[in-house]
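Read through the structure below, which is laid out as structure tokens, and then see the notes.
Each ligand, and each atom within it, is numbered from 1 in the order the structure gives.
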Amino acid sequence: MAATLQGATPVPPDAPASVVVAIDGPSGTGKSSTSKAVAAKLGLSYLDTGAQYRAITWWMLTNGVDVDDAGAVAAASGKPVIVSGTDPSAPTITADGADASGPIRTPEVTAAVSAVSAVPEVRAAITALQRDIAAEAARTTAGIVVEGRDIGTTVLPDADLKIFLTASPEARAARRGGELKARPGDAGVDLEATREALLRRDAADSSRKTSPLAKAGDAVEVDTTDLTLEQVIECVVTLIEDKRRTA
Ligand SMILES: Nc1ncnc2c1ncn2[C@@H]1O[C@H](COP(=O)(O)OP(=O)(O)O)[C@@H](O)[C@H]1O
Ligand SMILES: Nc1ccn([C@H]2C[C@H](O)[C@@H](COP(=O)(O)OP(=O)(O)O)O2)c(=O)n1
């Protein structure tokens with residue numbers, strides 16, 4: 001696999017030391033929107049690790065690999081070249097040079113990604129890629145915000161700051177499904193289905209043997225249920241600025 005740092009903000013000569021921030025949590029807690037906005041505000045790079053697992057899943061699906069066969073997934077895990085662009089204002093993801101940003105959000109990929117990302121060989125390949133990208137960003141830019149499920153626990157255990165976002169299943173389902181905008185009569189059915197699908201994926205991601213979704217012991221937990229996205233962004237910016245001041 002190849003690691004390439006694209007869209008990086010160069011470090012000015014008198015810049016403070018770079019900062020590496022890990023943001024983890026279940027689906028719909030606001031990891032991607034918060035991480036992107038915080039990175040853009042502070043001039044940091046940004047890595048969406050879920051997009052990498054989605055991209056390798058998409059590659060498996062489009063290259064005839066049976067995603068329910070862990071042996072077949074393991075055997076193919078080193079084949080695709082996944083490249084992430086880390087500019088928070090225009091993040092990109094490719095698999096073997098093909099733009100994967102649209103296809104990775106399809107229901108087929110969402111349904112298969114937990115199984116593919118539970119295969120240890122897939123995790124080893126993607127984790128190595130993530131560490132390369134984070135190290136390169138820390139060396140050549142002001143730092144990076146890396147978001148996912150196991151960043152604080154496994155990928156970057158020495159991150160300068162670890163944040164674990166949570167929110168109630170109801171809030172997460174409402175966000176994911178856009179249910180707040182639906183007609184009142186429709187809300188119950190779709191909201192419930194979305195909530196159940198989220199909880200199923202959470203359970204799969206939290207119970208896998210290799211590097212499950214988990215809060216690191218030294219992570220700061222932020223419950224976003226009753227916060228606006230702007231409040232969460234502000235909270236994380238403050239945590240990073242405090243960390244930089246005391247470093
Ligand atoms: N605190 C919040 N309040 C309301 N909506 C939010 C909040 N945080 C995120 N959202 C919205 O919820 C949806 C899911 O957020 P996202 O950042 O993709 O979550 P995650 O990456 O954790 O799955 C997006 O539409 C986002 O705009
Ligand atoms: N560090 C990570 C990030 C994502 N994954 C897996 C588990 C998740 O269900 C999928 C998709 O992640 P993604 O962050 O895109 O999920 P959301 O739909 O935004 O909740 O990838 C992982 O195993 N480890």
Side-chain angles (χ1 to χ4, degrees), residues 22-39 46-58 60 67 73 82 84 88 91 93 100-101 103-120 122-131 133-134 145-156 159 162-181 194 197-216 222-236:
I23 301 190
D24 291 300
S27 184
T29 51
K31 297 180 302 297
S32 295
S33 9
T34 303
S35 301
K36 255 186 282 189
V38 166
Y46 160 71
L47 179 63
D48 176 354
T49 64
Q52 296 176 310
Y53 284 105
R54 286 174 176 274
I56 197 167
T57 301
W58 175 63
M60 301 266 172
V67 294
V73 170
I82 308 293
S84 299
I93 181 93
S101 53
I104 62 170
R105 304 292 164 194
T106 58
E108 290 73 22
V109 170
T110 301
V113 66
S114 287
V116 171
S117 61
V119 174
V122 169
R123 298 210 74 79
I126 298 285
T127 297
L129 186 58
Q130 292 161 354
R131 287 181 177 150
I133 293 169
V145 181
V146 184
E147 55 112 342
R149 302 292 192 286
D150 63 337
I151 309 308
T153 52
T154 302
V155 178
L156 302 170
K162 300 177 188 177
I163 294 166
F164 194 80
L165 297 183
T166 62
S168 71
E170 291 70 26
R172 297 193 284 125
R175 291 174 190 173
R176 233 340 138 227
E179 289 295 334
L180 294 173
K181 286 185 205 141
T194 306
L198 275 183
L199 292 177
R200 255 197 317 276
R201 194 143 58 90
D202 284 359
D205 294 342
S206 306
S207 64
R208 67 175 175 238
K209 281 209 180 86
T210 310
S211 201
L213 159 65
K215 176 179 173 288
V222 179
D223 182 344
T224 70
T225 307
D226 297 319
L227 300 179
T228 64
L229 178 55
E230 287 65 33
Q231 286 173 320
V232 181
I233 293 165
E234 210 39 57
C235 169
V236 173

Which of the atoms of ligand 1 are close to Leu227, meaning less than 4.0 Å from one of its heavy atoms?
-> 1 (N), 2 (C), 3 (N)
Short N/O distance, under 3.5 Å, between Lys31 and ligand 2?
-> no
Check step by step if salt bridge (Lys or Arg N to Asp or Glu O under 4.0 Å) holds for Asp48 and Arg105.
-> CA-CA 13 Å; Asp48 176 354; Arg105 304 292 164 194; 3.4 Å; yes
Considering only heavy atoms of Tyr53, which atoms of ligand 2 have at least one such atom less than 4.0 Å away?
-> 1 (N), 2 (C), 3 (C), 4 (C), 5 (N), 21 (O), 22 (C), 24 (N)
What atoms of ligand 2 come within less than 4.0 Å of a heavy atom belonging to Ser27?
-> 17 (P), 18 (O), 20 (O)
Mode of Thr228 contact toward ligand 1 - side chain, backbone, both, neither (heavy atoms, under 4.0 Å) | backbone
Heavy-atom contact under 4.0 Å between Arg208 and ligand 2?
-> yes
Close approach, Glu147 and ligand 2, non-hydrogen under 4.0 angstrom = no
With heavy atoms under 4.0 Å as the rule, classify the contact between Gln52 and ligand 2 as side chain, backbone, both or neither.
-> neither
Could you pull out, from Ile23, Leu229, Asp24, the option with a heavy atom nearest to atom 2 (C) of ligand 1?
-> Leu229
Proximal atoms of ligand 2 relative to Val113 (non-hydrogen, under 4.0 Å) = 10 (C), 21 (O)
Quick one: which of Thr194, Asp202, Thr29 gives a side chain to side chain donor-acceptor pair (under 3.5 Å) with Arg172?
-> Asp202
Here the atoms of ligand 1 under 4.0 Å from any heavy atom belonging to Pro26 are 22 (O)
Main-chain N/O of Pro26 paired with Arg149 side-chain donor or acceptor, under 3.5 Å | no
Does ligand 2 have an atom that lies less than 4.0 angstrom from a heavy atom of Arg172?
-> no
Would you tell me which option among Gly25, Gly50, Ser33, Gly177 has the nearest heavy-atom contact to atom 9 (C) of ligand 1?
-> Ser33
Could a heavy atom of Ser32 be found less than 4.0 Å from some atom of ligand 2?
-> no
Between Ser114 and ligand 2, which part of the residue brings a heavy atom under 4.0 Å of the ligand: side chain, backbone, both or neither?
-> side chain
Non-hydrogen atoms of Ser35 versus ligand 1: any pair closer than 4.0 Å?
-> no
Given Arg175, Glu147, Lys31, which one has a non-hydrogen atom that is nearest to atom 22 (O) of ligand 1?
-> Lys31
Can you list the atoms of ligand 2 that are under 4.0 Å from a heavy atom of Gly148?
-> 1 (N), 3 (C)
Give the contacting part of Gln231 toward ligand 1: side chain, backbone, both or neither, where contact means a heavy-atom distance below 4.0 Å.
-> neither
Minimum non-hydrogen distance to atom 19 (O) of ligand 1, winning option of Gly30, Ala37, Ala167 | Gly30
Heavy atoms of Ala167 and Thr224 approach each other most closely as CB-OG1, 3.5 Å
Who gets closest to atom 2 (C) of ligand 2 by heavy atom: Arg54, Arg149, Arg105?
-> Arg149
If you measure from each heavy atom of Gln130 to ligand 2, is any distance below 4.0 Å?
-> no
Starting from the C-alpha separation in whole Å, work towards a yes-or-no answer on side chain to side chain contact (heavy atoms under 4.5 Å, CB included) for Val145 and Leu47.
-> CA-CA 6 Å; Val145 181; Leu47 179 63; over 6 Å; no
Is there a heavy atom in Ser27 that sits closer than 4.0 Å to ligand 1?
-> yes
